[in-house]
2 protein chains.
Amino acid sequence: MENKLHQARSRFIAEWGALGSAWGINRSMASIHARLLVAPDPMTADELMDDLELSRGNTSTNLRELVAWGLVRQVAVKGERRQFFLAEKEPWRIFVTIVRERLRRELDPALETLEDVAAMSEGLEGREAEEFHRVVTGMAGFIRTVRGLARRLVGSESSTLAGLARVLS
Amino acid sequence: MENKLHQARSRFIAEWGALGSAWGINRSMASIHARLLVAPDPMTADELMDDLELSRGNTSTNLRELVAWGLVRQVAVKGERRQFFLAEKEPWRIFVTIVRERLRRELDPALETLEDVAAMSEGLEGREAEEFHRVVTGMAGFIRTVRGLARRLVGSESSTLAGLARVLS
DNA sequence: CCGTACTTTCGGGATAAACTGAAAGTATGG
DNA sequence: CCATACTTTCAGTTTATCCCGAAAGTACGG
C-alpha cells in the first residue's frame, strides 16, 4: 500500500519535472513543487531534500525561487524553529500565478523591445525595410492584444474557465 | 539607412531568440524563424547561414524542425536548384500552429500520465494517499478542461481573438 | 551573548544540450 | 551516367545550466 503511493508519487514528480523542463523550469524546482503539491502538511527543506535526493543548496535555492514565483509560501509551525513550506493547491490559482509571472518576466520586456524595433524601422525605404516594419509592427500589435486578453483572463481571483467554456463552444 | 535596418533586424532576431529560450525553443531555431519572418522573399539555407553566422549543419537541422512544426515551408523557385524557405507571417496563424503543436507534443502525454497516476492512487488509504489522490485528480481535471478550451480556441483558422476580447471585457 | 540549529551562498564539478565542420548522401542538369 | 551543386548526418567539441557540498551567515533559545 505504502508502496503504491510511493510509486504513484514518483511518477507524478517525474512527470511534473518533464512538463516543467519543456517550459523553461528546471527539474529540481518542478520536483520540489510537485512534492509539496501532494503533501497533506507543510514540509521542511530537510524532508524535501531527503525525499527527492537533492543537495541542501539546491533545495534551498529552488524553494526560494518557488516562493518568489508565489507558488509556495513559508509557514511558521508553533514550537518549531525551522521553516515549513506549503504549496498553493488550487489549480486555477496556480495557473493564474504562473501566467501572471510569465507575462511580467518575459512577455512585457519582449513587447517593449518589439515596439522599440518597430519604431526604429518606421519610415525606412526599400523592400526589405518595408517588409521588416510591416511584420514587426503586426507582431507587436498581436502580442499586445494577447497580453491584454491574458491580463483580463487572470485578473479575477475566481476561475473564468466556465465563462470561457461557454464562449468557445 | 541600410545600417538602421541591420540594427533593428539584429535586435529583433536577438529578442525572438530570447523569447524562444524562455519557452524551451533553442536559440538557433528561433533566430532562423525570426530572420525568415522579416524577409520579403524566400531565403536559402546558405543565405540564412551567412546572415546569422550559424554552421551549415545547425542551419539545416533547425530548418527541418521549423518545417516539422509547420512554421516554415519549402518553396520551389523556378530555374533554381536549391531550396528556398518561407515563413508563415500571419501572427494568428503562427500562434495557432505553436499552440497546437505544444498541446500535442507536451500536454497530451502529460495529461495521460497524470490520469494514470490518479487512477493508480484511487482507493488507497491514509492521509498522504488521500491527499495525493485528491490533488492529482483535481490537477488532471483542470488540465483536461484547459486543453479542451485551447483546442476550441485554435480550432478555427480565423482569429477568435476578437470574440475573446468581447467576453473578457 | 554564547552555542546550536537552521539557512544561504558560492566556487567548482558534472551533465546535457547545442553547435560545428567535415564527410557522406542525394539529386539534377548536361 | 558523370560531374557538380546542394543537403543531411554525425562524431566530437563547446557552451550553458544545473547541481553539489562545504563554508559562511543568520537568528533563536537558553
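In what follows, every chain begins at residue 1, and chains take the letters A, B, ... in the order their sequences are listed. Only heavy atoms go into these numbers, but all of them, side chains included; no hydrogens, no water, no symmetry mates.
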Using Watson-Crick and G-U wobble pairs with both distances under 3.5 Å, what is the 5'-to-3' dot-bracket string of DNA chain C, with [ ] for crossing pairs and | for pairs outside the strand? ||||||||||||||||||||||||||||||
Rounded distance (Å) that lies between atom [atom2] of [N] and atom [atom1] of [X]:
X: A/Leu48; N: D/dC20; atom1: CG; atom2: P; result: 14 Å
X: A/Met49; N: C/dA5; atom1: CE; atom2: C1'; result: 14 Å
X: A/Ile32; N: D/dC18; atom1: CD1; atom2: P; result: 13 Å

Could you say whether A/Arg56 or B/Asp46 is positioned toward the 5' end of DNA chain D, judged by the nucleotide with the nearest heavy atom to each?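 It is B/Asp46, whose closest nucleotide lies nearer the 5' terminus.
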Tabulate below the donor-acceptor pairs under 3.5 Å that side-chain atoms of residues 30-38 of chain A make, not counting sequence neighbours, or state none.
| unit_1 | atom_1 | unit_2 | atom_2 | d |
| --- | --- | --- | --- | --- |
| A/Ser31 | OG | A/Arg27 | O | 2.8 |
| A/His33 | ND1 | A/Trp16 | NE1 | 3.2 |
| A/Arg35 | NE | A/Asp51 | OD2 | 2.8 |

With a cut-off of less than 4.0 Å, is there a side-chain N or O of A/Asn26 near OP1 or OP2 of D/dT17?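 So the side-chain polar atoms of A/Asn26 never come under 4.0 Å of the phosphate oxygens OP1 or OP2 of D/dT17.
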Taking only the side-chain nitrogens and oxygens of A/Ser28, find out if one of them lies under 4.0 Å from OP1 or OP2 of D/dC19. yes
Test your reading of the model: is there a side-chain donor-acceptor pair from [X] to the backbone of [Y], 3.5 Å cut-off?
X: A/Thr137; Y: A/His133; result: yes
X: B/Arg102; Y: A/Ala22; result: yes
X: B/Glu88; Y: B/Glu90; result: yes

When the nearest nucleotide of DNA chain C is assigned to A/Thr44 and to B/Met29 on a heavy-atom basis, which residue is associated with the more 5' position?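 The residue closer to the strand's 5' end, by nearest nucleotide, is A/Thr44.
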Quick one: pull up CE in B/Met120 and OG1 in B/Thr113 and give me the separation to the nearest 0.5 Å.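 Spacing of CE (B/Met120) from OG1 (B/Thr113) equals 11.0 Å.
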Does atom CZ of B/Arg100 have more than 12 heavy-atom neighbours from other groups under 6.0 Å away? yes
Counting only heavy atoms not in A/Arg105, do more than 12 fall under 6.0 Å of its CZ?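 Yes, because the 6.0 Å sphere around CZ of A/Arg105 holds more than 12 heavy atoms from other groups.
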Check A/Glu130 against A/Leu124 and note the closest heavy-atom contact, atom names and distance.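 Nearest heavy atoms, A/Glu130 then A/Leu124: CG-O, 4.0 Å.
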Which nucleotide in D/dT7, C/dT20, C/dT7 has an atom nearest any side-chain atom of B/Ser55: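 The nucleotide sitting nearest to the side chain is C/dT20.
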Looking only at side-chain atoms of B/Asn58, point me to the closest of C/dT7, C/dC19, D/dC20. C/dC19
Are B/Arg11 and A/Asp116 ion-paired here, with the side-chain N under 4.0 Å from a carboxylate O?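 Salt bridge present between B/Arg11 and A/Asp116.
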Which ones in residues 60-88 of chain A lie close to DNA chain C, meaning a heavy atom under 4.0 Å from one of its atoms? A/Ser60, A/Thr61, A/Arg64, A/Arg81, A/Arg82, A/Gln83
